[in-house]
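Order of the sequence lines fixes the chain letters, A, B, ..., with proteins taken first and strands second; residue numbering starts at 1 for each chain. The shown structure was predicted, so the numbers you read here are calculated from the model rather than taken from an experiment.
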Protein chains: 2
Amino acid sequence: MSKPDLSTEIARTLREDIVAGRLVADDRLPSEADLAEQYGASRATIREALKRLAAQNLIRTQRGAFGGAFVARLDWAEAQAQHATMSTLLISMNEVDFATACHARFALERACAATACQNREAAHLDRMRAELSIQARPGLSDEAFCASDVTFHRAFVDATANPILSYQLAGAIEALQPLMNMITYTARSRDEILRIHGDLLHAVEARDAAAAEAALTRLETYTTGVGEGLILSRHAARSGQSA
Amino acid sequence: MSKPDLSTEIARTLREDIVAGRLVADDRLPSEADLAEQYGASRATIREALKRLAAQNLIRTQRGAFGGAFVARLDWAEAQAQHATMSTLLISMNEVDFATACHARFALERACAATACQNREAAHLDRMRAELSIQARPGLSDEAFCASDVTFHRAFVDATANPILSYQLAGAIEALQPLMNMITYTARSRDEILRIHGDLLHAVEARDAAAAEAALTRLETYTTGVGEGLILSRHAARSGQSA
DNA sequence: AGACATTTAATTGTCTGACATTTGTAGCAG
DNA sequence: CTGCTACAAATGTCAGACAATTAAATGTCT
């Protein structure tokens with residue numbers, strides 16, 4: 001067991017104080033000078049520890065008189081963004097194959113179906129309808145179509161009115177979107193997607209969970225199929241080139 | 001738009017290089033001195049930037065000759081732990097009520113049922129059986145029971161053989177466990193839990209997805225019920241005291 | 001008294017230069 | 001070939017200084 005760095009240790013201590021609730025949102029930490037004295041470290045070391053916490057969105061700092069480091073009020077949106085980038089990295093680094101990613105994404109989204117059908121309100125339906133009409137616009141760029149795709153699905157999971165589900169799902173959907181885009185740009189048929197999105201909207205509107213799940217399953221099947229086809233043709237092209 | 005700190009900017013630049021794949025796992029970053037020269041900043045500032053990246057598990061540093069900062073190979077387990085602590089904080093800070101947390105947890109876990117039943121192997125069943133027998137031990141401490149509970153459910157989601165699902169779910173399960181524990185310590189009947197766990201195991205063994213989902217739903221209903229009861233009794237106690 | 005300008009003090013952000021510590025590599029001795 | 005030593009390249013830490021920022025206190029004018 002190698003001894004960790006001092007700054008790492010200090011960061012760990014402070015982090016535990018926050019996670020355990022000994023330091024609560026908007027509490028002010030001692031000034032860097034005070035912390036330095038308290039931990040018997042130099043200001044530079046303390047600052048490195050604080051920067052670690054800041055990178056994890058556990059604290060925010062303010063300059064000037066009566067400034068300092070404050071325990072951050074971590075909100076859902078911020079955490080979601082962080083979750084999404086971490087998932088993105090994870091997926092790209094571990095080279096998850098498309099079928100696995102696709103399966104996970106829709107399994108998770110199906111988990112929202114029943115709750116979304118139960119709790120959806122008019123505003124959610126409106127958001128979904130708005131995105132649907134955007135997606136139907138002729139001449140829409142691929143980028144815009146994909147962005148609207150994400151928004152549509154986020155509106156769907158938000159309809160669960162469960163912030164935990166929203167947080168988990170929206171993070172996952174955003175993280176997997178680059179993979180999805182990759183195939184959208186080349187091969188996805190917008191008509192088929194639009195049809196399924198419409199079915200999903202109507203299912204949620206009718207509070208028909210089974211139909212919503214069925215729509216998502218169809219979307220999964222379709223997307224997986226397109227992806228597989230692409231990979232096959234790419235393999236064929238590659239072996240053709242390398243031969 | 002206030003200008004962000006230099007160290008923040010440098011961290012952002014390097015992070016983008018990593019996320020965009022311009023720097024790839026195990027690549028070595030320039031030394032702190034080189035980076036300082038390159039960015040026109042002092043070593044201290046560079047170090048603060050690097051510490052931020054280290055806190056996000058994007059790089060790891062090695063001391064000594066030919067040491068330095070290397071792009072980290074982010075693995076599932078590490079990310080999962082980070083995901084779990086972030087979720088824990090989020091839940092405690094936003095004071096999610098028990099019913100919402102419970103519903104989200106089981107909705108997500110049910111999302112795994114079909115896949116787990118399809119892909120489960122003997123090893124997964126063995127792990128689940130082992131935990132089940134631990135949970136049946138008389139005189140088992142509450143802490144040990146809860147720990148085994150977590151392990152049991154993680155074995156279940158691992159049976160999906162889908163690392164993305166495992167990552168998402170295990171993070172969520174661990175994050176919600178403290179809330180679950182809170183009620184376990186006081187009121188949960190182990191017999192009922194054991195019975196349902198047994199049913200879940202048998203459903204997975206028989207590859208019966210519907211039965212697995214049903215077991216999870218029963219567990220959700222039971223847990224939610226116990227939680228509600230506790231909250232009610234607590235409210236009653238509090239109003240009794242404060243009156 | 002009230003509005004506005006100025007000073008002040010506290011605090012973070014950055015720089016500089018130094019030294020301590022760690023660790024792979026090269027060279028040397030046996 | 002093995003083991004020891006010396007070296008060099010990094011990161012880790014420290015001390016002290018100055019710059020920049022900001023809220024509060026103080027002063028000033030009307």
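- In terms of phosphate contacts, A/K51 brings no side-chain nitrogen or oxygen within less than 4.0 Å of OP1 or OP2 of C/dT12.
- Atom pair A/L6:CG and D/dT11:P shows a separation of 18 Å (rounding to whole Å applied).
- The side chain of A/D5 has D/dT13 as its nearest neighbour among D/dT13, D/dA10, C/dT16.
- Formation of a donor-acceptor pair under 3.5 Å by the A/Q135 side chain with backbone atoms of A/S148 is found in this model.
- Nucleic acid contact class of A/R60 (heavy atoms, under 4.0 Å, all strands): none.
- A close approach under 4.0 Å does not occur between any side-chain nitrogen or oxygen of B/T45 and OP1 or OP2 of C/dG13.
- For C/dG17, its base never sits under 3.5 Å from the side chain of B/R43 at any donor and acceptor pair.
- Separating the CZ atom of A/R47 from the P atom of C/dC15 is a distance of 11 Å, rounded to the nearest angstrom.
- Although no hydrogens or angles enter the test, the distance criterion places no donor-acceptor pair under 3.5 Å between the side chain of B/D27 and the main chain of B/V71.
- No donor-acceptor pair closer than 3.5 Å links the side chain of A/D17 to the backbone N or O of A/L23.
- Taking atom CD of B/E9 as the reference point, atom P of C/dT14 lies 11 Å away to the nearest angstrom.
- Between A/R63 atom CZ and C/dT11 atom C1' there is a gap of 9 Å when expressed in whole angstrom units.
- The aromatic rings of A/Y167 and A/H83 lie tilted to each other, with the angle between the two planes from 30° to 60°.
- Comparing atom distances between the B/A65 side chain and each of C/dT12, D/dA8, C/dG13 picks out D/dA8 as nearest.
- For the pair A/E32 CD and D/dG16 C1', the computed distance is 15 Å after rounding to whole Å.
- Taking atom CZ of B/F70 as the reference point, atom C1' of C/dG24 lies 11 Å away to the nearest angstrom.
- Of the possible polar contacts, one joining the B/R28 side chain to the B/G67 backbone as a donor-acceptor pair under 3.5 Å is found.
- Of the candidate nucleotides D/dA10, D/dC14, C/dT16, C/dT16 has the atom lying nearest to any side-chain atom of B/A44.
- Proximity of A/T61 to the phosphate of C/dG13: a side-chain N or O atom is located under 4.0 Å from OP1 or OP2.
- Considering only side-chain N and O atoms, A/S7 lies nowhere under 4.0 angstrom from the phosphate OP1 or OP2 of D/dG12.
- Distance B/E48 CD to C/dG13 P: 7 Å, rounded to the nearest Å.
- For the pair A/F66 CZ and C/dA10 P, the computed distance is 8 Å after rounding to whole Å.
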